[in-house]
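Here is the structure we will look at.
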There are 2 protein chains.
Amino acid sequence: MESHDLRNAGLKVTLPRVKILQILEKQLNERHLTAEKVYKILLSENEEIGLATVYRVLTQFEAAGLVTRHHFEGGNSVFELATADHHDHIMCMKCGKVDEFTDHVIETRQKEIADRLGYELTDHGLYLYGFCPHCRKS
Amino acid sequence: MESHDLRNAGLKVTLPRVKILQILEKQLNERHLTAEKVYKILLSENEEIGLATVYRVLTQFEAAGLVTRHHFEGGNSVFELATADHHDHIMCMKCGKVDEFTDHVIETRQKEIADRLGYELTDHGLYLYGFCPHCRKS
DNA sequence: TTGTTTGCAAACAATTTGCACCGAT
DNA sequence: ATCGGTGCAAATTGTTTGCAAACAA
């Protein structure tokens, strides 16, 4: 039951929030969705939820730590269900596919660079762009 | 003379283009400017150049490889004069200061990750966010 | 009931574009 | 003279907000 997660996050349990959370959980692969896409899925399920609400709910989810927002190059914001582990992203320039990965060497290195430059690191984003296995061939 | 660079890039030599290129070259430190900022500098130099033109020219410069466009988290696009070497960025969340760095370990590692996932890497962006030496104290 | 949340339409900010005029070659 | 370049204002796009109605607790 996602009502639990919502209440846990200090959010009142409402239909839009439950529905949107379900949609995010339903995406086994393709975990990265734009607000627009979430909205379209809602429409396709005959839900009467406005796009503005989708944005509001996703923003609240982000504040609550339930989802993470990303700004991929050139595009709009995409949202993904938050996970315990930190990970970075690699995206296909042709089909938009997104894969995730974690690399401890890079993580450590980032910290060292920040230290060397005297920065107190709070966040970081690493995005690789290219052509995925499938799109390379064609 | 930047007229040379322009002609070289296949761009006709016009006042707005020369002026904007000069402004970019003038920024010794603070090499990263938004279109808006370039526009304001132009105004402060009493140039009659529209904001739309600034965007158009910067986009052309990008296409010509003269400048690089970045999308920092949350903010607008920033442009910097292209350099021979590749580098990444670390930005202060408080004052907006941007520092550049290069790290070969990370570069190599990125390539390896892409290979492992079967991607043909075309581009990448690494952005670190934190508090700069100056802003940490206050 | 009572403070939240939603839907809709209007507001916004950043960026792009249409078009008549201007300017470089 | 020609054709691309520019200014301005209007259009687009992605996202946010104001407000009255609907809703969860």
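In what follows, chains carry the letters A, B, and so on, assigned in the order in which the sequence lines appear, proteins first and then strands, with residues in each chain numbered from 1.
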Give a yes or no on whether the backbone of [Y] and the side-chain of [X] come within a donor-acceptor separation of less than 3.5 Å.
X: Arg69(A); Y: Thr59(A); result: no
X: Arg7(A); Y: Val13(A); result: no
X: Arg17(A); Y: Val57(A); result: no

Among [options], which is the nearest nucleotide to the side chain of [X]?
X: Ile49(B); options: dT15(D), dG7(D), dT15(C); result: dG7(D)
X: Lys12(A); options: dG7(C), dT5(C), dT15(D); result: dT5(C)
X: Arg56(B); options: dG18(C), dC19(D), dG5(D); result: dG18(C)
X: Pro16(A); options: dT15(C), dT6(C), dT6(D); result: dT6(C)
X: Thr53(A); options: dT6(C), dA25(D), dT15(D); result: dT6(C)
X: Ala52(B); options: dT6(D), dT16(C), dA25(D); result: dT16(C)

Rounding to a whole Å, what distance do you find between [X]:[atom1] and [N]:[atom2]?
X: Leu11(B); N: dG5(D); atom1: CG; atom2: P; value: 8 Å
X: Leu58(A); N: dT5(C); atom1: CG; atom2: P; value: 15 Å
X: Phe61(A); N: dT5(C); atom1: CZ; atom2: P; value: 11 Å
X: Lys19(B); N: dT6(D); atom1: NZ; atom2: C1'; value: 17 Å
X: Leu6(A); N: dT6(C); atom1: CG; atom2: P; value: 10 Å
X: Gln60(B); N: dT16(C); atom1: CD; atom2: C1'; value: 13 Å
X: His71(A); N: dA14(C); atom1: NE2; atom2: C1'; value: 14 Å
X: Leu51(A); N: dA11(C); atom1: CG; atom2: P; value: 18 Å

Within residues 38-48 of chain A, find the residues that approach DNA chain C with a heavy atom at under 4.0 Å, and present them sorted by residue number.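 Those residues whose heavy atoms fall under 4.0 Å from DNA chain C, taken from residues 38-48 of chain A in numerical order, are Glu48(A).
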Which heavy atom of Gly130(A) sits nearest a heavy atom of Tyr119(B), and at what distance?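 Closest pair (atom of Gly130(A), atom of Tyr119(B), distance): C-CD2, 4.3 Å.
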Which pair of non-hydrogen atoms, one from Phe131(B) and one from Met93(B), has the smallest distance, and what is that distance?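 The answer is CE2-CB, 4.0 Å.
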Any link between Leu33(B) and Ile49(B) through a network of hydrophobic side chains (Ile, Leu, Val, Met, Phe, Trp, Tyr) touching at under 4.5 Å?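 Same cluster: Leu33(B) reaches Ile49(B) through Ile, Leu, Val, Met, Phe, Trp or Tyr contacts under 4.5 Å.
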Below the 4.0 Å mark, does [N] have OP1 or OP2 next to a side-chain nitrogen or oxygen of [X]?
X: Tyr55(A); N: dT15(D); value: yes
X: Ser77(A); N: dT15(D); value: yes
X: Thr14(B); N: dG23(C); value: no

Which is more 5' along DNA chain C, the nucleotide nearest Thr34(B) or the one nearest Arg7(B)? Just name the residue.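 This one resolves to Thr34(B).
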dA25(D) pairs with, by Watson-Crick or G-U criteria that keep both distances under 3.5 Å: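 Across any shown strand, dA25(D) pairs with dT1(C).
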Would you call the rings of His89(B) and Tyr127(B) parallel, tilted or perpendicular if under 30° counts as parallel and over 60° as perpendicular?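 Taking Tyr127(B) first and then His89(B), their aromatic rings lie parallel (interplane angle under 30°).
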Tell me whether His4(A) at atom NE2 has more than 12 heavy atoms from other residues, nucleotides or ligands lying less than 6.0 Å away.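 No, because the 6.0 Å sphere around NE2 of His4(A) holds 12 heavy atoms or fewer from other groups.
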